[in-house]
Amino acid sequence: MAAVASSTSTEALRRRASVLPVANCHQLLFAARTPLSTSRAVPCSSSSTARQPWRDDEAGGAWLPSRSDRKMGIGDGSSNGNQQPVHKEIRDETTPLLPVKVEEDEGFHEFNGASFSGAVFNLSTTIVGAGIMALPASIKMLGVIPGILSIILVALLTEASIDMLVRCSHQGKITSYGWLMGEVFGQWGRIALQGSVIINNVGVLIVYMIIIGDVLSGTTSGDVHHRGILEGWFGAHLWNSRPIVLLATALLVFAPLVSFKRLDSLRYTSALSVALAVVFVVITSGIAIIKLFNGTVAMPKLFPELDGLNSIWNLFTAVPVLVTAYICHYNVHSIDNELEDRTQIKPIVRTSLFLCSSVYIATSFFAYLLFGEGTLDDVLANFDANLGIPFSSVFDDIVRVSYAAHVMLVFPIVFFALRLNLDGLLFPTSRHISRDNKRFAIITISLLTIIYLAAILIPSIWDAFQFTGATAAVLIGFIFPAMVILRDSYGIATKRDKILAVTMIVLAVLSNSVALYSDAMNIFRKKEVA
């Protein structure tokens, strides 16, 4: 019976060989002599035309061009008579033809397992960072109604720009923002995007450090000193001075959190950071409502007060702050890559933007209502005085501690994209940074050091926001996505998309140019007064 089976198998393979390229005939005959229960190496000569992928169900073999085959010209129609024979193995029928996850030197494919809620928390944490602290000052400058409408408008434009990126990326099967820019605009497009992300994220992380220093060690605005939490509890000492406190925060909090190599590993800290932001909003709004019913707060101005051309130019300085508050584009692809179902990215973006817009509007309105024209650039610094309610000092400390903790937990999310883009800019041909511990450690330590030193030297978050928001942030959030959709390399742009893209570019360029001009004029005026 064994002899009959062997003869039958051999005959079947010979019949199949008659319709296959001559170069494959000896493979079939060799396979017929190989026991079906084992995996043996099958010699394959590439002296004739390249073989085509095929599967022999009788022999349990799967033939696919390997990576080494492709480099040698096998499987793509090329041939080379000087090549040495290579070996393929016959696998069991239950073995998948393609691996579920492949990691090659050329790229890094993240694990597809993040949940909807985890993605919403990570994206929301990327959005709701330090921008929320500067938005009340923007409302003070613009007035309540224009300010709230501006927050909603920027949210809608952000959703549109992210949608442009996601649609183009899915169409081209692209897994990163930098890769998309490289595909559409070449190497310089990728470099421009990576440079913008680096400038924006360094600026944002410096702002986070400044906020933490303001909250824990205090800050001075004009001739008024606002005490920090540690200064209020223990008095002014060397150990709770700004440089020492920020150094301790960098070593004890930031260093462990930025050591994670996958974004989804931060989903629990992201959920906690969103909860802490909500705590801040609830307490601020509750205090403002109580004082409003008690009649101890003044009615805020609904529209800006304009008394000349300079006051109109000054309104545009709020635009970079609004733009920076919604910049999350650099993490969208990382979140998208980790999803179980990538079609969920659009509802995830909408959910996150709705949540963050609600938090922004509530915080901006109630904080401005609570502090009025005394609202500082960093509104947390306002929570160091008597709020005019029972247990005022307790609520002051809860608000400041909760948001300082929130900022600490947001820091690694933004740092993740910063490190990734800096590595891609400096080492574009090297393997992924997560697979090189030495490079990972050097870049991480260097970035933390630079951010720490800058946070000591830069006094105000408003200054940092105006610079990054008017330059890198507007490129990342609006100009680059609009340029991608106008280039339309994948043939998916509609007429509406192109009209919206042109509108976004015009608004971004005009408003931020005016903002930069106004900032420069204000700096010159301050120098003249001094």
Side-chain angles (χ1 to χ4, degrees), residues 106-108 126 154 157-158 160-206 319-320 323-324 326-334 336-337 414-430 432-433 443 446-447 450-451 464-490 492-493 497-498 500-513 515-516:
E106 292 92 334
F108 175 77
T126 306
V154 176
L157 291 176
T158 301
S161 64
I162 293 175
D163 182 65
M164 293 175 182
L165 294 177
V166 169
R167 282 192 290 134
C168 290
S169 298
H170 286 184
Q171 183 69 22
K173 295 180 173 56
I174 290 172
T175 57
S176 74
Y177 196 171
W179 182 5
L180 177 62
M181 288 293 292
E183 286 288 310
V184 176
F185 298 107
Q187 178 183 1
W188 289 108
R190 174 184 60 81
I191 292 174
L193 183 277
Q194 290 174 331
S196 299
V197 172
I198 291 167
I199 293 172
N200 178 79
N201 288 24
V202 166
V204 169
L205 294 176
I206 290 171
V319 174
V323 170
T324 305
Y326 280 102
I327 295 301
C328 60
H329 304 64
Y330 48 79
N331 268 344
V332 169
H333 286 86
S334 294
D336 186 22
N337 296 339
V414 180
F415 192 93
F416 182 91
L418 170 61
R419 179 174 53 208
L420 202 62
N421 281 274
L422 180 61
D423 179 74
L425 186 63
L426 298 179
F427 308 102
T429 59
S430 300
H432 195 271
I433 187 173
I443 291 180
S446 300
L447 286 173
I450 292 171
I451 292 166
F465 268 136
Q466 286 176 331
F467 173 73
T468 59
T471 54
V474 73
L475 289 172
I476 297 168
F478 301 106
I479 294 180
F480 286 159
M483 290 172 62
V484 167
I485 208 72
L486 288 174
R487 191 70 173 264
D488 197 19
S489 300
Y490 304 101
I492 62 171
D497 291 332
K498 294 185 176 182
L500 181 59
V502 172
T503 303
M504 287 168 57
I505 291 176
V506 172
L507 288 176
V509 171
L510 289 179
S511 61
N512 285 277
S513 297
L516 286 173

Heavy-atom side-chain contact between Asn200 and Tyr330 under 4.5 Å: yes

Residue pair Val484 / Met181: nearest heavy atoms and the distance that separates them: CG2-SD, 3.8 Å

message: For a 4.5 angstrom cut-off between non-hydrogen side-chain atoms, does Arg487 reach Glu183?
response: no

query: Is it true that a side-chain atom of Asn337 and a backbone atom of His333 form a donor plus acceptor pair closer than 3.5 Å?
result: yes

field: Gap between atom CH2 of Trp188 and atom CD1 of Ile191 - 0.5 Å precision
entry: 4.5 Å

message: Show the nearest heavy-atom pair for residues Pro481 and Ser161, with the distance to one decimal.
response: CB-O, 3.7 Å

message: Has Asn421 got a side-chain atom pairing as donor or acceptor with Ile198's backbone, closer than 3.5 angstrom?
response: no

- request: Start with the C-alpha gap between Cys168 and Ile485, add the side-chain angles, then the distance that decides, and say whether side chain to side chain contact (heavy atoms under 4.5 Å, CB included) holds.
  value: CA-CA 8 Å; Cys168 290; Ile485 208 72; 3.8 Å; yes

query: Can you tell me how far CD1 of Ile451 sits from CG of Leu205, rounded to the nearest 0.5 angstrom?
result: 4.5 Å

- prompt: Is there side-chain contact between Leu157 and Leu500, with heavy atoms separated by less than 4.5 Å?
  reply: yes

query: Taking Phe480 as the fixed residue, which of Leu475, Val184, Leu165 is the one that meets the side-chain contact (heavy atoms from CB on, under 4.5 Å) rule?
result: Leu475

statement: Smallest heavy-atom separation, Ile327 atom then Gly477 atom, equals CD1-CA, 3.6 Å

- line: Nearest heavy-atom contact between Val502 and Leu486 is CG2-CD2, 4.0 Å

field: Shortest non-hydrogen separation from Val332 to Val166 and the atoms involved
entry: CG1-CG2, 4.0 Å

Ring geometry between Tyr177 and His329 (parallel below 30°, tilted from 30 to 60°, perpendicular above 60°): tilted

- prompt: Can you tell me how far the CD1 atom of Ile162 sits from the CG atom of Asp336, to the nearest 0.5 Å?
  reply: 11.0 Å

- prompt: Would Phe416 and Asn331 satisfy side chain to side chain contact (heavy atoms under 4.5 Å, CB included), going step by step from the backbone distance to the final call?
  reply: CA-CA 9 Å; Phe416 182 91; Asn331 268 344; 4.3 Å; yes

query: Looking at CG of Leu422 and CD1 of Ile433, how far apart are the two atoms once the value is rounded to the nearest 0.5 Å?
result: 8.0 Å

field: Shortest non-hydrogen separation from Leu180 to Ser169 and the atoms involved
entry: CD2-OG, 3.6 Å

task: Please round to the nearest 0.5 Å and tell me the distance separating atom CZ of Phe478 and atom OH of Tyr326.
output: 9.5 Å

field: Side-chain (Asp488) to main-chain (Ala493) donor-acceptor, under 3.5 angstrom
entry: yes

- request: Supply the atom-to-atom distance Arg167 CZ to His170 NE2, rounded to the nearest 0.5 angstrom.
  value: 11.5 Å

- prompt: Is it true that Asp423 and Arg419 have a side-chain N and a carboxylate O under 4.0 angstrom from each other?
  reply: no

- prompt: Going through the checks in order, is the side chain to side chain donor-acceptor pair (under 3.5 Å) test met by Gln194 and Arg190?
  reply: CA-CA 6 Å; Gln194 290 174 331; Arg190 174 184 60 81; 2.9 Å; yes

query: Judged by atom type as modelled, is there a donor-acceptor pair below 3.5 Å linking the side chain of Ser196 to the main-chain atoms of Ile476?
result: no

field: Check: Ser446 side chain, Ile443 main-chain N or O, donor-acceptor pair, under 3.5 Å
entry: no

